[in-house]
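Counting starts at 1 for both ligands and their atoms, following the listed order.
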Amino acid sequence: MSPAMNLVAETERENELPESLSQKGVIYLCKKGIENVPTKYILPPLERPNLSYTSTNSSSHNLNLPIIDFSQLQGSNRSHVLNSLATACEEYGFFQLVNHGIPNQVISNMFDVAKRFFKLPFEERSKYMSTDMGSAVRCGTSFNQNKDSVFCWRDFLKLSCQPYSDVLPLWPSSPTDLRQTTFDYSKELKNLYLMLVDAILENLGLLENSKEEDESKNGSCGLEEFEDGSQLIVMNCYPSCPEPELTLGMTPHSDYGFLTLLLQDQLVKGLQILHGGNWVNVEPIPNSFVVNVGDHLEIFSNGKYQSVLHRVLATSTSRISVASLHSLPFNRMIQPAPKLVNEANPSRYKPTDFASFLDYNSSSEPRQKSFLDSRKLT
Ligand code: OGA
Ligand code: NI
């Protein structure tokens with residue numbers, strides 16, 4: 001009898017595990033040797049991924065996302081790349097960023113330490129489990145394991161990055177290199193993000209003469225508020241799944257911030273975006289980041305750039321990703337940039353802030369773009 005069968009000796013089916021075991025996360029369950037997806041993770045039939053249709057092998061559902069060559073954004077070709085970036089943000093909400101200049105070692109160290117964190121014994125990882133959605137360090141499973149009626153096939157570690165002096169001592173002390181590696185990685189990603197924001201503000205027409213215009217308060221914005229902005233590093237682990245057709249690594253969602261920079265597993269596909277009504281795979285490109293527009297940029301751009309629904313398939317091979325989510329400082333209101341609002345183009349969103357986002361997420365399940373929809377002025 002397998003260890004998992006011992007655990008559920010009284011129940012007939014292996015997938016009817018007690019809820020308390022699901023609370024320990026998918027890595028824990030997989031280590032116990034489960035052979036079926038437990039009931040807690042089984043999506044209603046209409047929400048399942050329909051793998052025969054969206055097969056990761058089916059070329060008809062592979063999307064070539066726009067590729068933005070970051071090195072060219074810094075050179076004489078800038079105006080051309082700015083145009084490609086504007087199209088990517090407007091028509092896809094997603095792009096692949098290549099030649100970003102972040103040293104390979106910084107990236108491979110980050111990936112490697114994330115892998116090793118998820119290999120730690122449950123007892124070690126569970127020290128960082130928290131029911132507080134606003135906690136600076138939070139390890140867990142699904143999205144919000146206190147509320148989600150069906151769990152996602154995913155364990156995560158979320159690390160808030162500001163201010164470093166407050167949060168670093170709270171980050172996991174094991175593996176011993178986790179703090180330094182994540183610190184180095186988050187600083188590189190923040191710089192990269194700021195350079196992307198600079199380009200996006202230029203595309204939105206919000207940067208010209210920013211100093212003088214800032215002073216006359218006519219709606220431009222300096223980069224300072226972005227420099228002081230929030231950053232969250234999310235390490236995701238999607239263990240090998242025995243029945244990928246019944247569950248999802250992440251259910252359809254949009255990201256809340258301005259931009260997310262995602263380091264995907266180079267070998268295992270799983271990320272899909274909703275494009276033209278179809279779920280399409282985002283192909284891993286070596287040494288690239290997948291960048292996507294978040295809800296706050298949608299609001300800030302008054303709907304010009306829209307956040308896009310995406311999801312993660314559970315797969316038969318385990319997969320790791322590391323997302324860096326960026327937005328304005330926690331206490332800042334997020335609203336359409338005044339310069340983008342006029343009579344012909346009235347404000348389409350209510351101002352929002354992190355506190356209301358966190359309240360919303362702690363009180364309800366993330367479903368599609370429901371938070372953003374709640375901020376829309378009709
Ligand atoms: C996320 C996300 C995708 C992935 O962390 O919000 O969408 O491939 N991740 O892990
Ligand atoms: Ni996401």
Kindly list each side-chain donor-acceptor pair under 3.5 angstrom involving residues 227-235, sequence neighbours excluded, with atom names and distances?
| from | atom 1 | to | atom 2 | distance (Å) |
| --- | --- | --- | --- | --- |
| Ser230 | OG | Leu328 | O | 3.2 |
| Gln231 | NE2 | Ser186 | O | 3.1 |
| Gln231 | NE2 | Ser324 | OG | 3.0 |

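By the 6.0 Å contact criterion, CG on Asp132 is enclosed, its count of non-hydrogen atoms from other residues, nucleotides or ligands being greater than 12. Remark: Lys115 NZ is loosely packed, at most 12 non-hydrogen atoms of other residues, nucleotides or ligands lying under 6.0 Å away. Within a 6.0 Å sphere centred on NZ of Lys187, other residues, nucleotides and ligands contribute 12 heavy atoms or fewer.
The aromatic ring centroids of Phe258 and Phe226 lie less than 6.0 Å from each other. A ring-centre distance under 6.0 Å is not found for Phe94 and His275.
Remark: Ser84 pairs with Ile68, His80 by the side chain to side chain contact (heavy atoms under 4.5 Å, CB included) rule, at least two apart or across chains.
Shown are the protein N/O/S atoms under 2.8 Å from the Ni ion (ligand 2), given by residue and atom: His253 NE2, Asp255 OD1, His310 NE2.
Within 4.0 Å of ligand 1, heavy atoms belong to protein residues Asn236, Tyr238, Met250, His253, Asp255, Leu262, Leu271, His310, Val312, Arg319, Ser321, Ala323.
Within the 4.5 Å cutoff, the side chain of Lys40 has no heavy atoms near those of the Gln145 side chain.
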Could you walk me through whether Val81 and Asp69 pass the side chain to side chain contact (heavy atoms under 4.5 Å, CB included) check?
CA-CA 7 Å; Val81 183; Asp69 185 335; 5.5 Å; no
